[in-house]
**Q** 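First the structure, then my questions, so here it is.
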Amino acid sequence: MKEIAVTLPDNSRKSLEEGATVLDLARAIGAGLARNAIAGTVNGEQVDLSAPLHDGDVVAIITEKSPESLEIIRHTTSHLMAQAVKSLFPDAKVTIGPAIESGFYYDFDVENPFSPDDLEKIEAKMRELAKAALPITREVLTKQEAIQLFKDMGESYKVELIEDLDADTVSLYRQGDFADLCRGPHLPATSFCKAFKLTSIAGAYWRGDEKRKMLQRIYGTAFADKKALDEYIARLEEAKRRDHRKIGRELDLFSFSDEVGAGLVIWHPKGAMLRTILEDFERREHLKRGYDIVLGPQILKKELWQRSGHYENYRENMYFTEVDEQSYGIKPMNCLSHMMIYKSQLRSYRDLPLRYFELGTVHRHERAGVLHGLLRVRGFTQDDAHILCMPEQLDAEIKGVLSFVSDVMGIFGFDYEMELSTRPEKSIGSDEDWERATKALQAALEDSGRPFEINEGDGAFYGPKIDIKLRDALDRKWQCATIQCDFTLPERFDLTYVAADGERKRPVMVHRVILGAIERFIGVLIEHFAGNFPLWLAPVQGLVLTVTDNQIPYAQKVFSELRQAGIRVQHDFRNEKLGFKIREAQLQKVPYMLVIGDKEVETETVTPRYRDGSNLPAMKVTELVDFIEKEVKRFK
RNA sequence: GCCACCUUAGCUCAGAUGGUAGAGCAAUUGAUUCGUAAUCAAUAGGUCGCCGGUUCGAUUCCGGCAGGUGGCUCCA
């Protein structure tokens, strides 16, 4: 018998008989490894345990503990689900079923949509099939054979997929009487699916195209073992507790009203205070960095929107109002007034860069189905700025914005993800402009030292952009900061500056937001802190509590002194037991409860209790003010 | 906009196979003056999202609309 040798991850070599598989290798290394093995990596490519090895291969065994195992487990579980669906609903046509970040899904074309009861039936069937321990086998067919096979099965979506594939052969996985087109790899048998749960049903367009048929998508999740699944479910429950819509109501921050309109936020006193704190913070930070604060009107003449191209490209999302036979567009963006400010006088290269900052409230008619709490609304305020600069200043300006983003996110304790979107097929502007702008964005990203992704062809038609995304409690990504280069508007509005040589030149425009929309940012902020805002952001920093009615006169004095010192305090002098008042303050997540009983009256002090339950020593009001001011300065 | 589901008191939720509804918390009133997560009692509170249809009768069945939830699509 011939022997082959393979290399393991630790660079050791192992000799095997010719024809040995990944599983044979695992066995040769150890029985325990063979038991835990679920797949392998050969020369950098993931393969099944049953894949044969060749002389010189570099091989690694994937076990349940390997980071890459989750995707394989989920992918196989999605096949298991498809098998269950086919067995319960033989008329269902299968389409695609990948693993995703939080689990997996599979799309089916069925006559009648699935009901929640169906979900339970399908899950039960999956358990039955898993228990049956059906081996999962791989075979390779020619494209023609595969098309014929799926045609015979009546799986027209699969036929379409295979026809579009750019390959001579395709691989097919079988388990029991179920077969699916798939690249793999997969678990060796259905019994390896040990911990899964179907989570929801949704509609989804075939191939993501809203003009094509809507399929039924079933979402589920799967893990290596029950413990990990339970942890995931616990995380979901925690996310529900942190939901900004729930906390927003409980802390009385904001509301929506169908009498007012969908997607229009009503800020209550505490929410409006939180907003104001953020806005003040923003104004200070922008002034520090050389921005000028500007302010434009809410409505601008329709003709101006026609000139900018918004009327042509964005009209569907705009609100209009007509007065005295003149149509006005309610602004969906803030750029136009900023352009008008630039144009209000002749600009010299010595004036540039100009950075106009506006906390600009905009209205966009987002489609009804997309609204989501504070995270997707129809009226919102952006921390918007437009930088007008010479092309050669672009690099420095973009770096400046990125470091601004980094500073601000650091203060809030947010981690974020960055994406660079490049020139789409439909776009305007010269190759040279695009290249310069894209390079500037990329250089700034590289300079930041953080990882980033590139979305080829995903830029705006008027220029490339950097998107910065934060995650909500459910790990959904929301775009907050964005930096976009724009070649159109300076052109359309004929913006110029006088260069050193006396020539008129065209400035470059950068649109950018740091927090994005204040509404969305607050939504993410609420979930991030679960409503426990740090002292500098807390709309109510302290609550003065009396033990009995006897302390009210002194407590009143303390309360006014704190107010005068600029501390955001409220009081609770109700005739309730202290325990009850503490409980309420705790539920309101007030950082400091300032307890006043006979002791404090006598010594002219207050005893602060932090919301984590710890007590500070009794202190004078002036000491408390100093303490709070210090904490606020540390953004704590 | 599309698919599915949901809408009952301020909030969280029960409920009747069609005969106009209940709990807890909150609110109000009274008693209690009690030092670190719920004092006790009483009272009040709902055209059962809105508009149509079927029916002797609709909160319940059907249709439309509005709002919401989870997705899809979109996101200049």
**Q** Which of the following nucleotides, B:C11, B:A38, B:U73, is nearest to the side chain of A:Arg249?
**A** B:C11
**Q** Between A:Glu435 and A:Arg423 (salt bridge meaning N to carboxylate O under 4.0 Å), is one present in this structure?
**A** no
**Q** May I ask you to say what A:Lys465 touches in the nucleic acid, namely base, sugar-phosphate or nothing, with a heavy-atom cut-off under 4.0 Å?
**A** sugar-phosphate
**Q** If we take the P atom in both B:G70 and B:U33, what is their distance in whole Å?
**A** 49 Å
**Q** Select from A:Arg207 and A:Tyr462 the residue whose nearest nucleotide in RNA chain B is closer to the 5' end of that strand.
**A** A:Arg207
**Q** Counting heavy atoms from C-beta on, name the nucleotide in B:A66, B:G35, B:U36 closest to the side chain of A:Ile582.
**A** B:U36
**Q** Could you work out which one of B:U36, B:G1, B:U39 sits closest to the side chain of A:Lys577?
**A** B:U39
**Q** Whole Å only: how far is the CD1 atom of A:Ile266 from the C1' atom of B:G67?
**A** 13 Å
**Q** Would you please indicate yes or no on a ring centroid separation below 6.0 angstrom for A:Tyr610 and A:Tyr592?
**A** yes
**Q** CZ of A:Phe580 versus C1' of B:C34: gap in Å, rounded?
**A** 14 Å
**Q** Would you mind checking if A:Asp467 and A:Lys465 are paired as a salt bridge, meaning a charged N to carboxylate O distance below 4.0 Å?
**A** yes
**Q** I'd like the C1' distance from B:U7 over to B:C65, given in whole Å.
**A** 14 Å
**Q** So that I can tick it off, tell me whether A:Lys477 and A:Glu419 are bridged by a salt bridge, with the cut-off set at under 4.0 angstrom between side-chain N and carboxylate O.
**A** yes
**Q** When the distance from CH2 of A:Trp206 to P of B:C72 is rounded to whole Å, what number comes out?
**A** 16 Å
**Q** Determine the interatomic distance between C1' on B:C48 and the same-named atom on B:U60; round to the nearest Å.
**A** 9 Å
**Q** Between B:C72, B:A66, B:C74, which nucleotide has the shortest distance from any of its atoms to the side chain of A:Tyr205?
**A** B:C72
**Q** With both distances kept under 3.5 Å, what pairs with B:G46, Watson-Crick or G-U wobble?
**A** none
**Q** Tell me whether A:Arg217 forms a cation-pi arrangement with A:Phe114, defined as NZ or CZ under 6.0 Å from the six-membered ring centre and within 45 degrees of its axis.
**A** no
**Q** Answer yes or no on whether A:Arg583 is positioned over the face of A:Phe580, meaning its NZ or CZ is under 6.0 Å from the six-membered ring centre and within 45° of the axis.
**A** no
**Q** So which protein N/O to nucleotides 3-7 of chain B N/O distances come out below 3.5 Å?
**A**
| from | atom 1 | to | atom 2 | distance (Å) |
| --- | --- | --- | --- | --- |
| B:C3 | O2' | A:Gln216 | NE2 | 2.9 |
| B:C3 | O2 | A:Gly203 | N | 3.2 |

**Q** By nearest atom, which of the nucleotides B:A37, B:G35, B:G71 is closest to the A:Arg583 side chain?
**A** B:A37
**Q** Select from A:His310 and A:Leu587 the residue whose nearest nucleotide in RNA chain B is closer to the 5' end of that strand.
**A** A:Leu587
**Q** Of the nucleotides B:G70, B:G1, B:A37, which has the atom closest to the A:His372 side chain?
**A** B:G70
**Q** Indicate, with a heavy-atom threshold strictly under 4.0 Å, whether A:Glu600 touches base, sugar-phosphate, or nothing.
**A** base
**Q** Considering only side-chain heavy atoms of A:Arg217, which listed nucleotide, B:A37, B:C72, B:A66, is closest?
**A** B:C72
**Q** A side-chain contact here means heavy atoms from C-beta on lying under 4.5 Å apart; do A:Lys469 and A:Tyr416 qualify?
**A** no
**Q** Look at the side chain of A:Asp258 and decide which nucleotide, out of B:G70, B:G67, B:A27, has an atom nearest to it.
**A** B:G67
**Q** From B:C74, B:A37, B:G35, pick the nucleotide closest to the side chain of A:Gln586?
**A** B:A37
**Q** Please give the distance between the P atoms of B:C62 and B:G18 as a whole number of Å.
**A** 11 Å
**Q** Taking donor-acceptor contacts at under 3.5 Å, does the side chain of A:Glu316 reach the base of B:G1?
**A** no
**Q** State which residue, out of A:Lys240, A:Arg242, A:Arg235, fulfils the side-chain hydrogen bond (donor to acceptor under 3.5 Å, both in side chains) condition with A:Glu238.
**A** A:Arg242
**Q** Would you state whether a donor and an acceptor, one from the side chain of A:Asp549 and one from the base of B:U33, lie under 3.5 Å apart?
**A** yes
**Q** Which listed nucleotide (B:U39, B:U69, B:G67) is nearest to the side chain of A:Ala262?
**A** B:G67
